[in-house]
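Take a look at the structure below.
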Amino acid sequence: MQEIMKQAKLKAEELLTKGVVNRVIGWTEGDFSYDCSPATFTLDNLDKFVYTEFCGANLSKYLIEESKKEGKILVFLKPCDTYSFNQLIQEHRIKRENIYVVGIECRGKVDIDKLRAFGIDGVLGCKTEGDKLICDTIYGEKTVDKVDVMLEKCLSCKGKKHVVYDELIGEEVVEEPKDRFGMVAQLEAMTEDERYKFWQNELSKCIRCNACRNVCPACSCVHCVFDNPDSNIASKANTDRFEEKLYHIIRAWHVAGRCTDCGECSRVCPQGIPLHLINRKFIKDMNEFYGEYQAGEDTETKAPLNSYTFGDREPHEFDTKEGK
Amino acid sequence: MMKISLKNLPELYSFIAKKNDLYLPIFKAGQVDFAKWDKDAIVDLNKLKTTKSAKDVFFPQSQDLVRFEVDGKKISIDEPIMPTNKQVIFGVKACDNRSFELLDMAFVEDYPDTFYEMRRANTTIVTLACAKPDEACFCKAYGIDAADPKGDVSTWIVDGYLHWMPNTDKGIELTTEVKDFFELDMDNSAVENQQSEIRAIIDRLPYSNIDLSKFTPDKLLELFNSPKWKALSEACLGCGTCTFVCPTCQCYDVKDFKTKTGVQRFKCWDSCMFADFTKCAHGNTRPSQMQRYRQRFMHKLVYFPSNHDGVYSCVGCGRCVQKCPQMLNIVKVIKTLGEDK
Ligand code: SF4
Ligand code: SF4
Ligand code: SF4
Ligand code: SF4
Ligand code: SF4
């Protein structure tokens with residue numbers, strides 16, 4: 001990781017110096033290694049650039065605003081982030097000509113909340129050694145298997161290939177895509193009541209902070225219906241059990257077919273709600289009904305919900321009784 | 001002082017819950033938050049910080065105010081249900097307990113809020129010392145002592161026992177009601193040892209001695225105009241996470257929901273980070289996210305103290321440090337702006 005970070009920094013420095021780009025978007029250091037933030041850089045602050053096991057944040061959405069500005073910007077994208085990038089291109093949200101994409105190697109990112117849930121409290125700093133994560137904490141040094149504390153999105157990684165880039169840093173480790181639908185299948189196998197209870201339990205924790213929406217690259221509406229006071233559904237609190245679900249159902253439908261399963265919504269939710277399961281249910285259904293489709297894999301293929309073929313299933317063919 | 005074995009706590013809870021709404025840190029789907037206790041609840045007193053603060057008990061996320069029913073030309077008004085139940089909140093940490101005093105300044109002293117005042121009057125607060133503070137805690141910077149958490153009753157968990165000490169009249173009243181569950185505890189040494197351990201840990205915490213001296217009312221304009229806000233707020237998503245998990249954030253909105261037969265008016269938490277915050281006819285008073293971000297921290301570190309004898313509207317709980325999706329937080333603000341002396 002140290003090595004990749006060094007290469008990335010050198011690359012940024014080179015492209016800034018040569019004038020190929022005038023800004024860089026990456027991640028900036030924090031105090032405890034887990035608290036690095038997205039940030040833009042010029043030569044003046046590049047010394048604060050980091051690339052570590054905690055750089056889970058997807059930078060693509062920031063490009064909506066950044067690519068409107070003067071000059072070209074360098075962006076570092078992890079393999080999963082490149083899908084969001086393509087999707088934003090397809091939706092004409094970002095200006096490709098103003099962006100220089102450097103695909104950056106990724107071997108899985110760590111979830112600080114999982115570390116805490118593992119009983120590792122008071123984390124002051126972490127480093128990866130092989131498959132292990134070594135944590136310096138107020139209560140002494142602790143070691144965990146990295147795989148036990150990785151972000152959900154990394155445990156179900158789509159593979160280490162970058163689907164778009166101008167240049168690559170590090171290796172594209174060949175890896176079989178991991179199973180993403182195991183938990184969805186388990187939910188499908190539940191009875192309606194069990195499934196309702198599962199979601200009631202999860203969604204009743206929601207505090208309507210909107211972090212899931214605001215971080216989502218597919219949620220790029222300039223003015224969201226949930227912020228529109230005239231819509232009668234704009235709300236800053238879930239006033240009843242129905243409203244708890246309404247927001248999530250509407251959001252899930254609105255990103256259906258455009259959600260790349262980038263995993264940001266689940267990463268940012270302060271209440272640890274497994275939002276990816278809702279989106280993956282849609283993805284799984286679309287795959288089954290209309291054939292395999294991965295949003296963001298390229299910039300041309302039409303999404304199944306945006307196109308029609310004579311082979312498409314008709315509404316009456318959907319078996320709704322069993323909730324499938 | 002008195003003590004009770006931890007394994008007898010469920011009996012204590014069910015006794016208290018007979019006459020009161022009892023709020024405890026309760027585990028649900030992976031998270032621990034204050035919630036109303038019932039016999040199936042999974043109580044977790046070991047959790048240092050609940051995801052949300054304890055403020056909901058006095059200042060819930062949504063509160064019905066009034067309901068208008070329209071029937072032709074007849075309009076009737078349904079009065080709200082007032083929060084008259086007695087409440088006990090158990091397991092509050094020192095930082096959250098201090099936050100209640102700060103909320104009082106807004107909802108009792110400045111602009112009395114009937115619902116808040118009623119809940120405050122009806123509630124007994126049982127605090128719990130923090131045996132294992134974490135890296136993001138900086139209560140000490142605001143003069144809060146995590147080892148002596150105050151409230152109506154202070155408690156400490158040491159070696160399988162909960163030690164109990166009433167501090168106020170309300171606390172004594174509750175103690176009298178529950179005293180049969182306790183044994184007398186003549187030896188204070190267990191608690192005192194834990195207190196020195198806690199204070200030793202707190203002294204080692206990276207943010208305990210953070211320098212707030214720069215944040216004084218006379219620096220208002222200088223801080224407001226600092227060019228550093230731009231970089232500080234750059235990655236901000238404008239979500240409500242930091243405000244909604246914060247024990248001292250106090251902004252709310254009043255909204256009308258059109259029902260089939262009328263209007264339900266309710267009050268709900270609002271966030272200065274939201275794009276529609278305090279939106280009025282001409283639009284938003286703070287059109288950019290930088291301005292909204294600046295507002296949150298200026299309010300906590302400069303405006304609130306200017307209006308309240310220098311008291312900061314932050315208790316150093318560190319929730320915003322740990323929960324911001326993009327890891328922006330008040331400490332980064334204090335450090336960055338505090339640098340230019
Ligand atoms: S819904 Fe979640 S996983 Fe899908 S694109 Fe949005 S943030 Fe990513
Ligand atoms: S991030 Fe989580 S808590 Fe916030 S609105 Fe989304 S689901 Fe609710
Ligand atoms: S500072 Fe963080 S938690 Fe607060 S609004 Fe910005 S992104 Fe959300
Ligand atoms: S501003 Fe942050 S640290 Fe301060 S009280 Fe609020 S959540 Fe806690
Ligand atoms: S900030 Fe202080 S009082 Fe609050 S949880 Fe941490 S140690 Fe306890």
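Here the structure is a predicted model, which means the values were calculated and not measured. Chain naming here is simple, since letters A, B, ... match the order of the sequence lines and numbering starts at 1 in each.
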Answer key: most heavy-atom pairs under 4.5 Å with chain A among Ala136(B), Cys324(B), Ala235(B), Cys242(B) is Ala235(B)
Answer key: most heavy-atom pairs under 4.5 Å with chain A among Leu205(B), Thr241(B), Val331(B) is Thr241(B)
Contacting region of [X] [heavy-atom separation from chain A under 4.5 Å]:
| X | answer |
| --- | --- |
| Gln264(B) | neither |
| Lys132(B) | both |
| Tyr252(B) | neither |

Sidechain-backbone polar pair: [X] side chain, [Y] backbone, donor-acceptor under 3.5 Å:
| X | Y | answer |
| --- | --- | --- |
| Glu264(A) | Asn58(A) | yes |
| Asp64(B) | Phe266(B) | no |
| Arg67(B) | Pro80(B) | no |
| Lys47(B) | Pro25(B) | no |
| Arg265(B) | Asp256(B) | no |

Between Lys28(B) and Ser204(A) the two heavy atoms that sit nearest each other are NZ-OG, 2.7 Å
Checking [X] against chain B: side chain, backbone, both or neither under 4.5 Å from a heavy atom?
| X | answer |
| --- | --- |
| Asn45(A) | neither |
| Cys269(A) | neither |
| Tyr34(A) | both |
| Arg267(A) | side chain |
| Ile112(A) | side chain |
| Thr137(A) | neither |

Between [options], who has the most heavy-atom pairs with chain B when the cutoff is under 4.5 Å?
| options | result |
| --- | --- |
| Val215(A), Asp113(A), Asp35(A) | Asp35(A) |
| Asp227(A), Ile273(A), Val123(A) | Val123(A) |
| Asn201(A), Leu59(A), Asn228(A) | Asn201(A) |
| Lys61(A), Arg116(A), Arg213(A) | Arg116(A) |
| Gly30(A), Ala117(A), Cys36(A) | Cys36(A) |
| Ala211(A), Pro270(A), Gly272(A) | Pro270(A) |

Output for pair (Asp134(B) CG, Leu48(B) CG), nearest 0.5 Å, gives 5.0 Å
- Message: Do Leu133(A) and Glu53(A) have side chains that approach each other closer than 4.5 Å (heavy atoms only, starting at C-beta)?
- Response: yes
Worksheet item: Between Tyr23(B) and Phe34(B), does the ring centre distance come in under 6.0 Å?
Response: no
For Phe59(B) and Trp269(B), take the angle between the two ring planes, folded into 0 to 90°, and tell me which bin it lands in: parallel under 30, tilted 30 to 60, perpendicular over 60.
tilted
Salt-bridge test for Arg280(A) and Glu152(A): reply yes if a basic N is under 4.0 Å from a carboxylate O, no otherwise. yes
